[in-house]
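First up is the structure itself, then whatever we jot down about it.
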Amino acid sequence: MSSAPILLEAVSVRLGERLALDDVSVRLDQQRIAVIGANGSGKSTFARLLGGLVAPTTGAVSVLGLDPSRQAKELRRAVGFVFSNPDAQIIMPTVAEDAAFSLRADKLPKAEAAARASAALEEFGLSELADRPAHDLSGGQKQLLALCGALIRRPALVIADEPTAYLDARNSRLIADHLLRDGKDQAGDRAHRLVLVTHDLALAARCDVAVLFDDGRLTAVGSPTEVIDRYEASLVC
Amino acid sequence: MLTLYRPGTGWMHRAPAGPKAFVLLVLVLAVSLLPSTYLAAGIAATVTVLGYLVTGLGLRELGRQIVSVRWVIVITLGAQLLFLQTEPAIANTSRVLAAILLAAMLVLTARVADLLDAFERGLQPFARFGVDPARVALVLAVAITTVPVLIRLASGVREAQKARGAGGGLRAFVIPFLVVSLKHADDLGEALTARGVA
Amino acid sequence: MTSEPAAAPAEITPRRSARPVSRLAIDATDIARIAVFAAFIAVLGLPGGFAVFGSVPITAQTLGVMLAGAILGAWRGAIALVVFLALVALGLPLLAGGHGGAGVFVGPTAGYLVGWIAGAFVVGAIVHAGRRRLTWARTILGVLVGGILVIYAFGLPVQALVTRIPLPETALQSLVFVPGDLVKAVIAVVITMTLQRAYPRAFRTDRFVGAGGASAVQSTAGAASGTAPGVSSGTPER
């Protein structure tokens with residue numbers, strides 16, 4: 001396999017009756033990848049495929065040099081996921097517990113996990129809320145917590161599926177800034193790679209490359225402005 | 001969070017959850033085995049009152065607990081008086097009541113998170129039979145997280161029903177509520193997988 | 001975090017498709033479903049419940065017991081009830097009327113609560129017997145036997161024991177609850193059969209986990225194939 005971070009060769013995914021992805025081949029080296037397209041075009045399936053949540057029916061997938069079919073466990077340790085529904089991503093009853101939850105697989109000592117969780121909460125401005133029940137949070141705060149849970153393990157790749165769909169403009173902005181940051185963060189670590197599925201074309205424009213899906217097929221790859229233009233042209237009836 | 005816990009700093013609150021649960025269990029069992037006599041009823045009542053006093057919960061809390069189980073008292077006593085003599089009726093009712101009130105002391109003085117930890121530790125011996133204590137504790141924690149979410153989903157369903165002028169029947173409510181709950185479960189399952197639960 | 005062997009071939013997909021059917025493997029999807037069903041039963045018992053016969057409030061929680069077995073199947077349904085009752089024991093006021101705490105397990109109704117676990121199991125075992133499609137007959141039988149008979153079989157003796165009223169009198173006294181139970185049984189059957197048409201992937205039970213059946217019950221698969229009419233408002237596309 002090549003060393004490209006994301007590589008798909010003739011990949012199809014059949015979900016029940018429907019062909020969700022139809023013969024997709026693509027190679028993506030860029031750091032921040034926007035995925036756009038209409039409802040049901042296959043972009044969410046594409047995201048889940050990269051994260052090992054959906055298996056390819058045919059074809060070969062390589063993400064970060066891993067095969068999601070056979071190395072799902074390793075891949076999921078390298079990938080952080082953010083979904084759109086803030087409520088369905090919170091797993092533990094309190095904010096601090098939920099942030100620490102993602103560290104379970106690392107089997108850290110309790111004190112160390114708690115320390116890392118509180119550092120991460122600090123980074124996302126949630127420290128004040130650490131001991132509050134998670135359901136007391138606003139939608140935007142919940143989504144920040146979900147992001148915190150996804151980023152706390154410093155994943156090499158973050159996959160975000162419509163992370164701002166339930167949020168108002170201000171919170172969308174906040175989440176997007178965290179997701180799209182490049183260069184080094186406070187801890188001096190390199191920023192994560194990002195696959196961002198979104199309907200918000202302004203967000204897509206801030207990425208390094210965009211891919212366009214239509215009815216399960218990948219119809220365009222290129223600079224965000226060009227791909228967005230093409231998408232918007234296709235919307236004119 | 002919705003819980004029966006009453007914050008406090010007395011020794012009963014500071015006592016570790018596991019041993020506390022064990023001691024109360026023994027006490028409750030002892031009370032349950034008392035005979036059906038006035039004397040036994042008096043013992044049960046005395047133990048309960050003393051229990052609430054020495055643990056610092058106080059008689060006001062005891063009163064609050066009695067009010068919260070008033071229907072159990074009414075139904076139990078009513079049935080007892082119908083089928084039994086007065087002495088066993090009163091003795092049995094106070095014995096049942098004492099057991100309930102003593103057992104309640106556990107959740108009044110221990111946080112859910114602490115009980116959850118104690119529960120996980122208590123399950124360790126069962127690990128050799130294939131029980132995974134961490135996984136059991138995880139399911140409980142997820143369920144605790146989910147209750148308030150479903151409460152909100154339920155009120156959403158009811159509002160939608162009202163908006164459409166649909167009736168308030170049980171079936172008309174349960175089907176859509178069940179479906180949104182199951183959809184929530186699917187999303188949650190995906191999030192669990194994404195966050196490293198196999 | 002999990003006691004499962006690392007070499008399990010189940011990792012071909014994140015779902016359970018390749019797991020051996022012989023043992024009860026609880027994966028992430030099951031954890032979510034069990035936890036959500038426990039919470040579902042809790043919400044059915046919240047105050048502001050339902051007045052069925054005029055103003056007599058009956059708890060809808062036994063309806064939840066019946067549905068847990070009918071929808072999750074025997075094992076997962078029973079586990080959902082264990083989880084629900086564990087939350088009650090841990091002190092959450094989730095029983096109808098805001099009750100909770102270990103006290104309820106020493107009260108007169110303790111046997112009924114334990115009976116809920118066995119009841120859900122029996123409902124699931126009968127409703128899903130023979131891994132065939134659900135039928136009205138089997139669903140009715142399962143709900144009546146598991147959801148009513150089994151629960152009373154556990155509940156009445158314990159009630160007699162705790163209250164020290166002889167069993168026949170105890171049974172006589174409990175007759176008043178039977179009409180309500182029958183109403184809930186009817187509702188449970190109708191809901192189960194409706195759900196089979198409106199939302200078939202609800203039924204991800206122990207027995208349907210054969211090698212071939214997995215894709216049809218995969219959660220992502222179902223969501224994408226549009227099997228949820230009407231109720232999916234507000235959910236963005238996936």
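Residue numbers begin at 1 in each chain, while the letters A, B, ... track the order of the sequences. Values reported hereafter were calculated over all heavy atoms of this structure, with side chains retained and with hydrogens, waters and symmetry mates removed.
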Report the residue from B:Val174, B:Ile175, B:Val179 that forms a side-chain contact (heavy atoms from CB on, under 4.5 Å) with C:Thr194.
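Result: among B:Val174, B:Ile175, B:Val179, B:Ile175 is the only option passing the side-chain contact (heavy atoms from CB on, under 4.5 Å) with C:Thr194.
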Chain C heavy atoms under 4.5 Å from [X]: which part of the residue, side chain, backbone, both or neither?
| X | value |
| --- | --- |
| B:Leu77 | neither |
| B:Ser36 | both |
| B:Val142 | both |

Taking atom [atom1] of [X] and atom [atom2] of [Y], what is their separation to the nearest 0.5 Å?
| X | Y | atom1 | atom2 | answer |
| --- | --- | --- | --- | --- |
| C:Leu90 | B:Leu140 | CG | CG | 6.5 Å |
| C:Phe40 | B:Leu178 | CZ | CG | 4.5 Å |
| B:Thr146 | C:Phe37 | OG1 | CZ | 13.0 Å |

Indicate the atoms forming the closest heavy-atom contact of [X] with [Y], along with that distance.
| X | Y | answer |
| --- | --- | --- |
| B:Gly189 | C:Ala32 | N-CB, 3.4 Å |
| B:Leu150 | C:Val36 | CD1-O, 3.5 Å |
| B:Ala143 | C:Leu87 | CB-CD1, 3.7 Å |

Do the non-hydrogen side-chain atoms of [X] and [Y] ever get within less than 4.5 Å of each other?
| X | Y | result |
| --- | --- | --- |
| B:Leu192 | C:Ile31 | yes |
| B:Val139 | C:Asp30 | no |
| C:Thr29 | B:Glu190 | no |
| B:Phe177 | C:Val43 | yes |
| C:Leu195 | B:Leu182 | yes |

Sorted by chain and residue number, the side chain to side chain donor-acceptor pair (under 3.5 Å) partners of B:Thr109 (sequence neighbours excluded) come out as B:Lys20
Side chain, backbone, both or neither: which part of C:Val190 has a heavy atom under 4.5 Å from chain B?
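Side chain of C:Val190 only, per the 4.5 Å heavy-atom cut-off to chain B.
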At a heavy-atom distance under 4.5 Å, which candidate from C:Gly64, C:Ala89, C:Pro108, C:Ala80 has the highest pair count against chain B?
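Counting heavy-atom pairs under 4.5 Å, the top option is C:Pro108.
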Under a 4.5 Å cutoff for heavy-atom pairs, which residue among C:Arg164, C:Glu169, C:Gln159 has the most contacts with chain B?
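Most pairs with chain B among the choices: C:Arg164.
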Chain C contacts: which residues in residues 46-57 of chain B have a non-hydrogen atom closer than 4.5 Å to it?
none
Which residues in residues 79-98 of chain B have any heavy atom lying under 4.5 Å from a heavy atom of chain C?
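Within residues 79-98 of chain B, near chain C: B:Ala79, B:Gln80, B:Phe83, B:Leu84, B:Asn92, B:Arg95, B:Val96.
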For B:Arg70, is the CZ atom crowded, meaning more than 12 foreign heavy atoms sit under 6.0 Å from it?
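Counting other residues, nucleotides and ligands, CZ of B:Arg70 exceeds 12 neighbours.
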What pairs of residues pass the salt bridge (charged side-chain N to carboxylate O under 4.0 Å, His left out) test when at least one of them lies in residues 50-63 of chain B, not counting sequence neighbours?
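The answer is B:Arg6-B:Glu61, B:Glu61-B:Arg64.
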